[in-house]
There are 2 protein chains.
Amino acid sequence: MLDKAVTLLETFRPDGGTYRLTELAERTGLTKTTVFRIAADLVRLGLLERTGDTYRLGGKLFELGSLVPRRQDLREAALPFLQDLFEATRETVHLGVREGHEVVYVERIHGHDVLPLPSRIGGRLPLTCTGVGKALLAFSGAELAEEVLAQPLPSLTPYSITDPARLRTAIEQAQVSGLAYEEQEAALGVSCIAAPVFDGAVAVAALSVAVPRARYRPAQLAPAVRTAALGLSRVLRSGG
Amino acid sequence: MLDKAVTLLETFRPDGGTYRLTELAERTGLTKTTVFRIAADLVRLGLLERTGDTYRLGGKLFELGSLVPRRQDLREAALPFLQDLFEATRETVHLGVREGHEVVYVERIHGHDVLPLPSRIGGRLPLTCTGVGKALLAFSGAELAEEVLAQPLPSLTPYSITDPARLRTAIEQAQVSGLAYEEQEAALGVSCIAAPVFDGAVAVAALSVAVPRARYRPAQLAPAVRTAALGLSRVLRSGG
DNA sequence: AAGTTTGTTCCGTGACACGGAACAGCTCGG
DNA sequence: CCGAGCTGTTCCGTGTCACGGAACAAACTT
């Protein structure tokens, strides 16, 4: 029952999709009757909304999700530094945490020009294809890095690193410099520079700035990213 | 079953609270056994996390909540304008939508100085005590305003408007000027100025800037708030 | 008008959610 | 030292309610 309800909610993965009853039944593998009954319950509870014959995720889910303490506290602490970084660079700024072998984006702010990035708040991407992911990977212990390197490396673009040896040197470079670089590995035409955020000795998050390749000036971005990450790390250490 | 699970999740309302098993049983009114079983299921599904004997909301809830299309689309469209407004004023900026007789905050950005406000992303506050709420109330149809005015007006501070007649004139002023004002009605020492955001003819959201009373200069804030709201309205009308 | 969708209702069966009771591990205080 | 009061956890018999196949009505396409 609970499992089926969550399965149902999780089929809404893609961006802003709205589904019909039979479509949900197919995707979830549940009986049409079961989907009908559970969806009705979920609508009654506010987790799902229904207009006509199409379902979409409901407002209560947003409210509940906003209460998740780990995410919310981090976001609250990070926001001023993300603002600083955005103002200094005027480019798209990310904040992400690690979850397994993926990065979950907690915040993303940008101006009027929106880059065609695969990153979304609450979305997951492979650690190995993103700046934030690489920064996290470089400072989350050797055993995690080995785990990731042992598996086939996913790719989002033709530029995504799929060679473990190349990724290993990239990680080592990040560990030395305290900065992770990414060039068109997550989205074509977009490069990225990221830095880890520490709460004590372990990296709890990473932030990055993503820039259209034409405007990519690492020497100017690096100090800003590093400054923001260090500032946030300091606040986290003192605050909690 | 589903009802009980949602009840369980909803008891986490307060700020970042973590609860223990018996505490959850008391607050929900459910049996300790039932809470134990359902909580275990929720942990297994990632909606709840457990460390030691304390439960807190889980990361999957954050991910699901981030997918809610209504909220996410609005936030994405609004963010650039909120950034503009923040840069112009350097004060705390809000974006909220109406849900029943309450405002739900969709976004809130601020710099390093954090005001002691009751507003939280995903949080609900009475329409009548907040700038965003008043702006929504003024442009959501007369019948809604009458409904709200007919009920006893809640208050967050001693300055919150509890006299229906006073609220009525405030709403009328907002309808004329296109701006809603609020002075210490949501939090002591903080004033606020808000403007509605239209998608066509109906107000779908409102944005506001909250300022410490000492720095409150309405004449300077008003144009910035109005500009941001109009810009966002224009994008919404053309985009969807 | 026949056929194929859709969403919805009905209903008999059986699994499983339920909660009281009993258990185990802990921290008190006498 | 030991019992009283907590905690989280397990067990189990009862009864319910979730389940899905089948039948339905409505809106399409053909």
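Chain letters run A, B, ... following the sequence lines, proteins first, then strands; residues in each count from 1.
- In DNA chain D, stems built from 3 or more consecutive Watson-Crick or G-U wobble pairs, each with both distances under 3.5 Å, span C:7-23 with D:8-24, C:25-30 with D:1-6.
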If you restrict it to nitrogen or oxygen atoms, what contacts under 3.5 Å exist between nucleotides 28-30 of chain D and the protein, and what is each distance?
none

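- Rounded to the nearest 0.5 Å, atoms CG (A:Leu48) and CZ (A:Arg50) are 10.0 Å apart.
- Ion pairing of A:Glu49 with A:Lys60 is absent here, as no side-chain N (NZ or NE/NH1/NH2) approaches a carboxylate O to less than 4.0 Å.
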Could you run down the sub-3.5 Å N/O contacts of the protein with nucleotides 19-29 of chain C?
residue : atom : partner : partner atom : Å
C:dG19  : OP2  : B:Thr31 : OG1          : 3.3
C:dG19  : OP2  : B:Thr34 : OG1          : 2.2
C:dG19  : O5'  : B:Thr31 : OG1          : 3.1
C:dG20  : O6   : B:Thr33 : OG1          : 3.4

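- Straight-line distance from the CG atom of A:Leu48 to the P atom of C:dG7: 14 Å, rounded to whole Å.
- Partners of A:Thr162 by side chain to side chain contact (heavy atoms under 4.5 Å, CB included), not counting sequence neighbours, listed by chain and number: A:Ser155.
- In summary, A:Glu76 and B:Arg120 do not engage in a salt bridge, as defined by a charged side-chain N under 4.0 Å from a carboxylate O.
- Comparing A:Arg50 and A:Met1, the nucleotide of DNA chain C nearest to each residue sits closer to the 5' end for A:Arg50.
- Under the 30°/60° scheme for interplanar angles, the aromatic rings of B:Phe12 and B:Tyr19 are found to stand perpendicular.
- Atom CG of A:Asp53 is separated from atom P of D:dA25 by 18 Å (rounded to the nearest Å).
- Here D:dG8 presents its P atom at 9 Å from CD of B:Glu23, a figure rounded to the nearest Å.
- The two residues B:Leu95 and B:Ala205 have their closest heavy-atom pair at CD1-CB, 4.1 Å.
- Listed by first and then second residue, the side chain to side chain donor-acceptor pair (under 3.5 Å) pairs involving residues 122-133 of chain A are A:Glu102-A:Arg124, A:Arg124-B:Glu63 (not counting sequence neighbours).
- With a 4.5 Å cut-off on side-chain heavy atoms, A:Ile109 and B:Leu79 count as touching.
- For B:Arg20, a side-chain nitrogen or oxygen approaches OP1 or OP2 of D:dG8 to under 4.0 Å.
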Determine all donor-acceptor pairs shorter than 3.5 Å in which one atom belongs to a side chain in residues 29-37 of chain A; sequence neighbours excluded.
none

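- Distances shown here put every side-chain N or O of B:Thr22 at or beyond 4.0 Å from the OP1 or OP2 atom of D:dC6.
- If you take CG of B:Asp41 and C1' of D:dA18, they are 15 Å apart, rounded to a whole angstrom.
- One atom, CG of A:Leu2, and another, P of C:dA17, lie 8 Å apart when rounded to the nearest Å.
- To the nearest 0.5 Å, atoms CG (A:Leu57) and CD (B:Gln72) are separated by 11.0 Å.
- When the P atom of D:dT16 is taken as reference, atom CG of B:Asp3 falls 17 Å away, rounded to whole Å.
- The nucleotide whose nearest atom lies closest to any side-chain atom of B:Phe36 is, among D:dT9, D:dC19, C:dG7, D:dT9.
- Atom CG in B:Leu8 sits about 15 Å away from atom P in C:dA17, given to the nearest Å.
- Within 6.0 Å of the CZ atom in B:Arg168, the count of heavy atoms belonging to other residues, nucleotides or ligands does not exceed 12.
- If you take CG of B:Leu21 and C1' of D:dC6, they are 13 Å apart, rounded to a whole angstrom.
- Using a cutoff of 4.0 Å between basic side-chain nitrogens and carboxylate oxygens, A:Arg75 and B:Glu107 are scored as salt-bridged.
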